[in-house]
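The structure appears right after this line, and notes come after that.
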Amino acid sequence: MQDCYVSRVGRTAALMARRDPVVYEDGRYARALDAAQLRQYEEDGFLVLPGVLGADELDGLRAEVAALADDPALREAEELIREPDSSAVRSIFRVHELGARLAELPRDPRLLEVARQILGSEVYIHQSRVNLKPALDGREFYWHSDFETWHVEDGMPAMRALSCSVLLTDNTPFNGPLMLIPGSHRQFVACVGETPEAHYRQSLRRQEVGVPDPVSLRYLAEQGGLRAVTAPAGAVVFFDCNTLHGSGGNLSPWPRSNVFMVYNSVHNRLMAPFHGLAPRPAHIASRRVGEVLTPWRR
Ligand code: 6CS
Ligand code: FE
């Protein structure tokens, strides 16, 4: 298969125009977003929906995440990622298969119907994780495009996937809120460098390969600005797989905990990773064929 988004092939960074649609809606699925919201998502590459989850649901999800972070059975598990310079838990992957309430999230119609509408197809979970960004200790996630990683390291063919981030705690200016560059999804930033063996063991703690060069970052930020998603817990952010995003460290005495469900179109299933890389493990990139999500009834 021809590689339309060549990246990490040596010393040259480049910007190339996106070849894929942003919104694939063809009217077959519920109109979860109205025309104005869909336009906003297409324009910016993300959309913030405030107040989607209620206090009781959030209490239950936070309790489940806390139990996972403290679970002795997960202490040495590959799903659990610690901060680069402390033993604090940074992320837990595959959470939708580790907790009962977390297992319901991917099929929650408030999330799933938006994903199916935007991606214009049946969808499955490519990856789920919770980023805990603990108080006073949560380190940054440097700017990156998820698609650049999922394309090069997981063999994701096209930009027909999106992330849905549920804010489990308030995201404030002080605790490392998710930041995005509006409009950056329309350019693919080809990164310099070569992917190390089992790169995920390093990149999930601190990503240094597969990150955009400063010139491209500055160019795209000057075009679209920077947006920090500061919102109360319960808000949900949908962002395109190629929208540049990152988050600063958490210097506040309160945690910033967001759970991410990554929806991929069933027409965009993973192929072999590019450049002969070994496929990443299932807890980071699902290759389960045939899985399709159906919404539960509220
Ligand atoms: O490699 C990945 O799949 C992960 N890395 C980042 C920085 N964001 C997406 C995903 O969690
Ligand atoms: Fe990311």
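Whatever order the structure lists ligands and atoms in, that order sets their numbers, starting from 1.
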Checking Arg39 against Glu42 for the salt bridge (Lys or Arg N to Asp or Glu O under 4.0 Å) test, could you report, in this order, the C-alpha distance in whole Å, the side-chain angles of both residues, the deciding distance, and whether it holds?
CA-CA 5 Å; Arg39 254 195 321 277; Glu42 188 157 41; over 6 Å; no
Phe147 ring center near Tyr5 ring center (under 6.0 Å)
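Phe147 vs Tyr5: aromatic centres under 6.0 Å.
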Can you tell me if His151 and Asp3 form a side-chain donor-acceptor pair at under 3.5 Å?
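Yes, Asp3 and His151 have a side-chain donor paired with an acceptor closer than 3.5 Å.
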Do Ser247 and Lys133 get their side chains close enough for a donor-acceptor pair, meaning under 3.5 Å?
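There is such a pair between these side chains.
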Please state which part of [X] comes within less than 4.0 Å of ligand 1, counting heavy atoms only: side chain, backbone, both or neither.
| X | result |
| --- | --- |
| Phe260 | neither |
| Asp154 | neither |
| Arg129 | side chain |

Within a distance under 4.0 Å of any heavy atom of [X], pick out the atoms of ligand 1 and give their elements.
| X | answer |
| --- | --- |
| Gln207 | 7 (C) |
| Leu204 | 1 (O), 2 (C), 4 (C), 5 (N) |
| Arg280 | 1 (O), 2 (C), 3 (O) |

In this structure, would Ile92 and Ile125 fall into the same cluster of hydrophobic residues linked by side-chain contacts under 4.5 Å?
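Ile92 clusters together with Ile125.
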Can you tell me which N/O/S atom of Asp146 has the shortest distance to the Fe ion (ligand 2)?
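The Fe ion (ligand 2) is closest to the Asp146 atom OD1, counting only N, O or S.
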So does Pro177 get a backbone contact from the side chain of Asn171, meaning a donor-acceptor N/O pair under 3.5 Å?
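The answer is no, because no donor-acceptor pair under 3.5 Å joins these two groups.
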Within the side chain of Arg280, is there an N or O that forms a donor-acceptor pair under 3.5 Å with the backbone of Ala198?
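No, because the side chain of Arg280 does not come within donor-acceptor range (under 3.5 Å) of the backbone of Ala198.
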Once rounded to 10 degrees, what value does the angle at the Fe ion (ligand 2) take between NE2 (His245) and NE2 (His144)?
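Answer comes to 80°, rounded to 10°.
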Mind checking whether Ser203 has an N or O less than 3.5 Å away from an N or O of ligand 1?
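Such a contact does not occur with ligand 1.
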Polar contact flag for Gln127 and ligand 1 (N/O pairs, less than 3.5 Å)
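Yes; at least one N/O pair falls below 3.5 Å.
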